[in-house]
Amino acid sequence: MQTAPAYTAVAARHTLQRPDPPPAPAKPQKVSWSPDVRLYVQRAFEPDNAIPGIDLPMMQEKLKVVITQAAETGQLQGIDWSTYPLPQDLIKADRDQTAIYGVQNAILANLNAPAYPQNDGVYPPGSVTKKRKNGDVDMMDPEPREITPPWKKKDTKGGLEDRITGKNKNKSKKEKKAEAVRVHDLGANADVLEKRRQRFGLTTLEPPHFLSSRDESPEPVSTGPLVGTCQKLEKSYFRLTAPPAPDTVRPLPVLEKALNHIRSKWKKEHNYNYACDQLKSMRQDLTVQHIQNDLTVKVYEAHARIALEMKDLGEYNQCQTQLRALYKSNLGGKAEEFTAYRILYIIYTCNRTDMNNLLADLTTADKQMPAVEHALKVRSALASGNYHKFFRLYQDTPFMGAYLLDMIIQRERIAAMAVICRVYKPDVSLHFLAQELAFHGEESDTSDPDAGPRQCLDFLCQHGGEPFVERKDDGDVRFATGKAIAVFEGAKAAAFRGIDIKGQI
Amino acid sequence: MSNELDLLWADFATAYNTPDGYLLATTITPEPPKSDPARLHRWQRWTNAYSVQTDLRYKLQYNPNIVLEKKEASTWLDVFTAYYSFAGKLLAAEEAQKAGKRRDADWSAVYEAWKDVMSALYRGYSNNIFAAWTIPCLYIAGKYLRVFAIKADANAASQRDSGLAFGALQEEDAFGAASKNEKLEDAARQINRIFALCLSDRSEVQSSRKWALYYIANLLFKTYFKLNSISLSKNILRSLKASGSDMPPLSAFPKAHQVTFKYYSGVISFLEEDYATAEEFLVSAYEMCNIHATQNLQLILTYLIPTKLLTSHRLPTSTLLQQTPALDRLFSPICTAIKHADLRAFTLALEHGEEEFVKRRIYLTLERGRDIVLRNLFRKVFLAGECEPAVTKEGEAPGPPVRRTRVPVKEFAAALRMAGAEVGDGEGGVDGDEVECLIANGIYKNFMKGYIARERGIVVLSKGGAFPGTGV
């Protein structure tokens, strides 16, 4: 078993059964580790030997590689483990090497790096994620791995296993916690509190640093803003684990051109994986250079719009959070549009606290902007259960708000059906339902008057309403509301269940 | 006068010999007791930074009136040493404030100095040196930690606004991540430490620090509310619940702790839309609250009134509202509008009060009062309808006439327009579908009983109790 050595140092793990071994290049032969190797591993884990900037998972990764290589080449006995450099030292040496090796290598490394951070949970599951993962693979360069420094690229095999077993993550978390307790006992509570806060996403209490989105590593405060020298228009995103080299970062003028480039490419090709990746790397370049101006606003706005269009709410929410702060510092931009989106987004997440905070934030001037006014009307209509007004408002939503409303339209239709079934007796016509619930057929096809009712019928059948649809002798199609109460009450409960506070179902 | 602090040491001795925790706490409070208003200044005259330790040791270890164990004496020595340094900082800040140089008042230093006092106290408890009867000292520590933190943050904010802070700092500030409440957040962490300290005490109930839990929990709620991170309060409630079995019952705690705790529990339930629980807590808090604590009563009512509106559709009497001008201003317009079924007035009242309602987080609840306005309006329509003679069986006296239960949707539409509802179809007419939607909601939410027969354009109301709870 290849991966075992990384864990032998931790006695408790011995007894745990290992999950299915990773299928790929596992060497079948069983190796028993000598005491020397065990000591080496132990040394690697000692807190005293830790090097700042190299975290535990990185070190473990390297450790695994070192021992695996030794085992594969049969050098396990040959190496003097007591003097062999520790994995963290090797990583450091690698890094220094890369720094000397220069631009070429780093750029290649950038191109090779996975386009998305590996932290799970940021993205909503389902088709979007799947698509992205495919994209991930597509964009992977088939180049051999040696040129990628290990600190820039995660070993996918290990990563997958970690994710399945959750061991690596758990362990490092636990160790970090334990360490915190050990190091300053008195501060332990504060530490726990801090962690909890982060888990709940309460950014208000976070220590002051200039970015809050989860995917970008904060720059150490001591380092001043760097100015990039990279001249390339395109650059893939990867999560930084160390301060970036200036020659991998694009300066302002290049970023300006890059934004136009990506925009036109998006219009032509509509490749979301590409656009998202490019925009994320632009956001990162802006962040590491401390650039906050109209371009910053434009990049976030562009990304937010594209994410909205592709229903990638995780990414959209990140942009929205940043935009909110950017608008506060008066850097221009489309505050009206995005304030309206924010209202609609909070409607979608059903978060009362956020809604209250948002209402508290809005100024009278804000409320008078048409798009914001519209969004507030949507809010008020939904709050009072006025489905009639809501579906009217839905039909003329300004900007791209319809993409957000599309996320809630189905559940609101179900909720309205629950009311209609309870209240109307004995039945109502399908035409009435289609009109009330805003089924108007495809926009391209307005000539067919029956397109709306047909859509409505599909919707009813989809939610178990089929048995209650009756065709009268005169050809009128009617829905027996009184009998369908239970069906739509059930559907309503289900539709509103799965919404979590972050809006990521 | 040989000893400026005689009174303090006398109190300290009495407190220890009684024992009296609250009296003991007065020896370390930043606000001097009324009997000795110049105490902070006395400290400065009594000793100085060089001899403070010696002077204190003399008082604490070789004082015939106070018999302390060695460890206990040395912990108090630490507490009072920290207190001495704190007193200096506080006096300086207060003087700057009085002299009109508000910005020079270094509240941040006062906060840090007070934190040192708190830490010294904390060690006394975490090493099990201080007995449980002394916990009022922890109350004082937590209470003023919050007070000074707020002052320090306000001070920092005014410095930022006036551009005293350095440019770089401001730039990052613009990105919104820099905290406006740095010290208060720290205070929350410190108070949470005290909370954990008391929660983890495993001694017997009689001599347990657990008696401090509700006071400290209340302090935490107060802080979290101020920080706008109310959700953190739930963690506190959860830990209290988890250790419920080895805690004295809430009713055994001082009334003040109970009332405050119930108030916050009520508000937290209110914000989670658990109105039944909220009502229970708030009613109980209201009933137990000291009748002269107007401010507190007012706070309780601020949440109890909207809660009652939702749970039992009840409005406060005008006598109740007029007891305090603030409540009257806050709720009277909206209540009158509901009573008179005046939609236009209701919308206006909601708009006028929006800022205040949102600040108190009751807007989204009050907004739902619209349902009751509509209910009252529809009820009026029903009552205005003519009666039909009761069906009489042969040989019986005719019963009372029965109100007409089939009401045309059009009549409701007319009423809605008169009351100022926006149900126009944009062309001068009425949007009948919207009128039906409003009626449908009333029926769905059980404000009225009946159904809509759409093809015939009428609402068929229930013969008995068409408007539940209104006597009709």
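So you know, we letter chains A, B, ... as the sequences are listed, proteins then strands, and number each from 1.
The candidate with the highest count of non-hydrogen atom pairs below 4.5 Å against chain A, out of B/L184, B/L438, B/D431, B/I439, is B/D431. Ranked by heavy-atom pairs under 4.5 Å with chain A, the list B/K445, B/E354, B/K359, B/R454 is led by B/R454. When each of A/S429, A/P426, A/A418, A/S380 is checked for heavy-atom pairs under 4.5 Å with chain B, A/A418 comes out on top. When the candidates B/E367, B/E272, B/R368 are compared by the number of heavy-atom contacts under 4.5 Å with chain A, B/E367 comes out ahead. Per-residue counts of heavy-atom pairs under 4.5 Å with chain B were compared for A/Q435, A/K425, A/R324; the largest is that of A/K425.
Here the CG atom belonging to A/L437 is positioned 9.5 Å from the NE2 atom belonging to A/H440, to the nearest 0.5 angstrom. Within the model, atoms OG1 of A/T349 and CG of A/N317 stand 8.5 Å from one another, a figure rounded to the nearest 0.5 Å. One distance of note links CD1 of A/I420 with CD of B/E436; it measures 9.5 Å at 0.5 Å rounding. Taken to the nearest 0.5 Å, the CZ atom of A/R342 stands 7.5 Å off from the CG atom of A/L362. Separation of atoms CD1 (B/I268) and OH (B/Y303) is listed at 11.0 Å; rounding is to 0.5 Å.
Counting only distance, with no hydrogens or angles, the side chain of B/S229 and the backbone of B/F225 share no donor-acceptor pair below 3.5 Å. For A/N356 (side chain) and B/V358 (main-chain N/O), a donor-acceptor pair under 3.5 Å exists by modelled atom type. Here the side chain of A/N386 pairs no donor or acceptor atom with the backbone of B/C437 at under 3.5 angstrom.
Both the backbone and the side chain of A/T353 come within less than 4.5 Å of a heavy atom of chain B. Contact of A/R422 with chain B is made through the side chain alone, with heavy-atom distances under 4.5 Å. Contact annotation for A/A416: neither backbone nor side-chain heavy atoms come within less than 4.5 Å of a heavy atom of chain B. There is no contact between B/E355 and chain A, counting heavy-atom distances below 4.5 Å. Looking at B/Q190, neither its backbone nor its side chain comes within 4.5 Å of chain A, counting heavy atoms on both sides. Residue B/E422 touches chain A through both its backbone and its side chain, counting heavy-atom pairs closer than 4.5 Å.
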